[in-house]
Amino acid sequence: MKVLIMAAGVGSRISRHLQGQPKCCVDVDSKPLIRHTFELLKKKGITDIAIVTGYQEKYIHEALEGFSYSRYFNPFYRVANSISSVWFAKDFLTPNDNIMIMNGDVFMEEKVLDIVLNEKRSPVMLSDSSRIEDADYRFNWENDKLKKYGKELTNEQTTGEYVGIGILNSKDLVPFRQRVIDAVVNEDYNCWWEDIIYRTINDGHDVFINNISGIFWAEVDYIEDYERIKEFVSK
């Protein structure tokens, strides 16, 4: 399996707490979050990794000193969503292996990677059914198949929160790459990389959900998320 990490954004919702650093560089147990992620991937034998940077990328590369990885830079991180980041990394999306795409500010327990590596379906989005009231981006699924998605879903409509990780097998990677290119060609710059997967539902394709409820994870969108991570690590 290969891994593509999205780490170009400014993180405006938490930026005032970050001293000018990217979200993925917050300190976790005396090391940057992104380095923690790379160490976890290496532990699982995953070494084919690419990262897309943008905002204050120097901090990210400093944090990853000693690691080997493919580097892509998105100069449009302030004016376009993550679709542009995937576009710049499109050469990494070759159909020779399954791929995990993740947001760089996601902290995950090791068990999450075990789940990812054992997943046979595609495409798959990770979700957490224990997080509904405080959910940020919301999913509604039935029989492990995504039905509705978006921040506007009510608590009653929400089955779980999106974790910030998706999985594509080599077969699905080819059309995914083409849809990314098409979105940029059509100037759909407000699109997120996840939207490319969600939209296939409208074409009659299944998008599967893997519910990781009970396993710790957090995406650093707000200072409260970071505090949850520090509390978990301290235990």
Side-chain angles (χ1 to χ4, degrees), residues 1-7 22-53 60 63-64 66-70 82 85-86 89 92-131 136-137 139 141 144 146 160-173 176 193-194 197 207-221 225-226 228-235:
M1 173 170 283
K2 57 171 57 178
V3 176
L4 176 60
I5 301 176
M6 304 283 101
K23 293 192 294 180
C24 67
C25 289
V26 296
D27 182 83
V28 174
D29 199 19
S30 301
K31 70 183 71 171
L33 168 57
I34 191 67
R35 189 171 187 86
H36 169 85
T37 300
F38 267 67
E39 289 178 354
L40 202 55
L41 292 171
K42 182 180 179 181
K43 182 178 181 180
K44 294 299 180 182
I46 301 171
T47 57
D48 193 358
I49 307 169
I51 186 166
V52 187
T53 58
I60 297 174
L64 294 175
F67 282 101
S68 176
Y69 55 97
S70 300
S82 59
S85 288
V86 181
F92 187 72
L93 305 178
T94 53
N96 56 354
D97 205 349
N98 298 346
I99 191 168
M100 176 176 82
I101 307 179
M102 65 175 290
N103 297 328
D105 62 335
V106 172
F107 174 91
M108 55 185 165
E109 202 175 349
E110 184 177 337
K111 294 175 184 177
V112 174
L113 278 182
D114 293 332
I115 289 172
V116 169
L117 290 169
N118 287 319
E119 182 59 72
K120 305 300 182 186
R121 302 166 299 173
S122 176
V124 177
M125 309 303 285
L126 269 56
S127 187
D128 184 350
S129 63
S130 71
R131 293 181 56 82
D136 184 27
Y137 198 89
F139 281 164
W141 72 78
D144 292 336
L146 186 62
E161 182 177 16
Y162 168 51
V163 169
I165 298 173
I167 310 163
L168 290 159
N169 65 19
S170 55
K171 180 180 178 182
D172 286 333
L173 198 52
F176 173 79
W193 70 263
E194 295 95 338
I197 296 175
V207 173
F208 298 97
I209 295 294
N210 196 318
N211 181 12
I212 65 167
S213 175
I215 302 174
F216 186 85
W217 69 278
E219 190 167 14
V220 187
D221 289 323
D225 300 318
Y226 182 40
R228 286 177 55 232
I229 294 172
K230 290 195 294 183
E231 181 181 0
F232 174 80
V233 171
S234 69
K235 294 179 180 179

Side-chain touch [X]/[Y], heavy atoms, less than 4.5 angstrom:
{"X": "M125", "Y": "Y162", "answer": "yes"}
{"X": "E194", "Y": "N103", "answer": "yes"}
{"X": "M100", "Y": "L4", "answer": "no"}
{"X": "Y69", "Y": "L64", "answer": "yes"}
{"X": "S127", "Y": "F139", "answer": "yes"}
{"X": "D48", "Y": "V3", "answer": "no"}
{"X": "P32", "Y": "D27", "answer": "no"}
{"X": "D97", "Y": "L173", "answer": "no"}

Ring center gap for Y226 and F107 short of 6.0 angstrom: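 Between F107 and Y226, which both carry aromatic rings, the centre distance is not below 6.0 Å.
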Would a distance-only check, ignoring hydrogens and angles, find a side-chain to backbone donor-acceptor pair under 3.5 Å from [X] to [Y]?
{"X": "R35", "Y": "A63", "value": "yes"}
{"X": "D172", "Y": "L168", "value": "no"}
{"X": "S170", "Y": "N98", "value": "no"}
{"X": "S70", "Y": "A50", "value": "no"}

Between T47 and K2: side-chain donor-acceptor atoms closer than 3.5 Å: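 Absent: no donor and acceptor within the cut-off.
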Test item: side-chain donor near acceptor, N211 and S213, under 3.5 Å: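 No, because no side-chain N or O of N211 sits under 3.5 Å from a partner of the opposite role on S213.
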Should the pair [X]-[Y] be classified as a salt bridge under the 4.0 Å nitrogen-to-oxygen rule?
{"X": "E39", "Y": "K43", "result": "no"}
{"X": "R131", "Y": "D136", "result": "no"}
{"X": "K230", "Y": "D29", "result": "no"}
{"X": "K44", "Y": "E110", "result": "yes"}

T53 and I51: CA distance, side-chain angles, deciding distance, side-chain contact (heavy atoms from CB on, under 4.5 Å) verdict: CA-CA 6 Å; T53 58; I51 186 166; 4.3 Å; yes
Option from E161, R228, K111 for which side-chain contact (heavy atoms from CB on, under 4.5 Å) with W217 holds: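 Testing each of E161, R228, K111 against W217, the sole residue satisfying side-chain contact (heavy atoms from CB on, under 4.5 Å) is E161.
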Given I209, V163, I215, the one that forms side-chain contact (heavy atoms from CB on, under 4.5 Å) with L126: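 The side-chain contact (heavy atoms from CB on, under 4.5 Å) with L126 is passed solely by V163 among I209, V163, I215.
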Minimum heavy-atom distance W193-S82, with the two atoms named: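 Closest approach of W193 to S82: N-OG, 2.9 Å.
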Closest approach of V52 to A89 (non-hydrogen atoms, all atoms of both residues):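 In this case the closest contact between V52 and A89 is CG2-CB, 3.7 Å.
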Candidate pair E109 and I212, rule side-chain contact (heavy atoms from CB on, under 4.5 Å), full reasoning: CA-CA 10 Å; E109 202 175 349; I212 65 167; over 6 Å; no
[atom1]/[X] to [atom2]/[Y] distance, rounded to the nearest 0.5 angstrom?
{"X": "I99", "Y": "I49", "atom1": "CD1", "atom2": "CD1", "answer": "11.0 Å"}
{"X": "E119", "Y": "I165", "atom1": "CD", "atom2": "CD1", "answer": "12.5 Å"}
{"X": "M6", "Y": "M102", "atom1": "CE", "atom2": "CE", "answer": "10.5 Å"}
{"X": "F38", "Y": "L33", "atom1": "CZ", "atom2": "CG", "answer": "11.0 Å"}
{"X": "F176", "Y": "I197", "atom1": "CZ", "atom2": "CD1", "answer": "5.0 Å"}
{"X": "I167", "Y": "N210", "atom1": "CD1", "atom2": "CG", "answer": "6.5 Å"}

Worked verdict on F67 versus K42 for side-chain contact (heavy atoms from CB on, under 4.5 Å): CA-CA 9 Å; F67 282 101; K42 182 180 179 181; 4.2 Å; yes
Aromatic plane relationship, F232 with F216 - under 30° parallel, 30 to 60° tilted, over 60° perpendicular: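 Parallel.
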Check against side-chain contact (heavy atoms from CB on, under 4.5 Å), D105 and V26: CA-CA 9 Å; D105 62 335; V26 296; over 6 Å; no
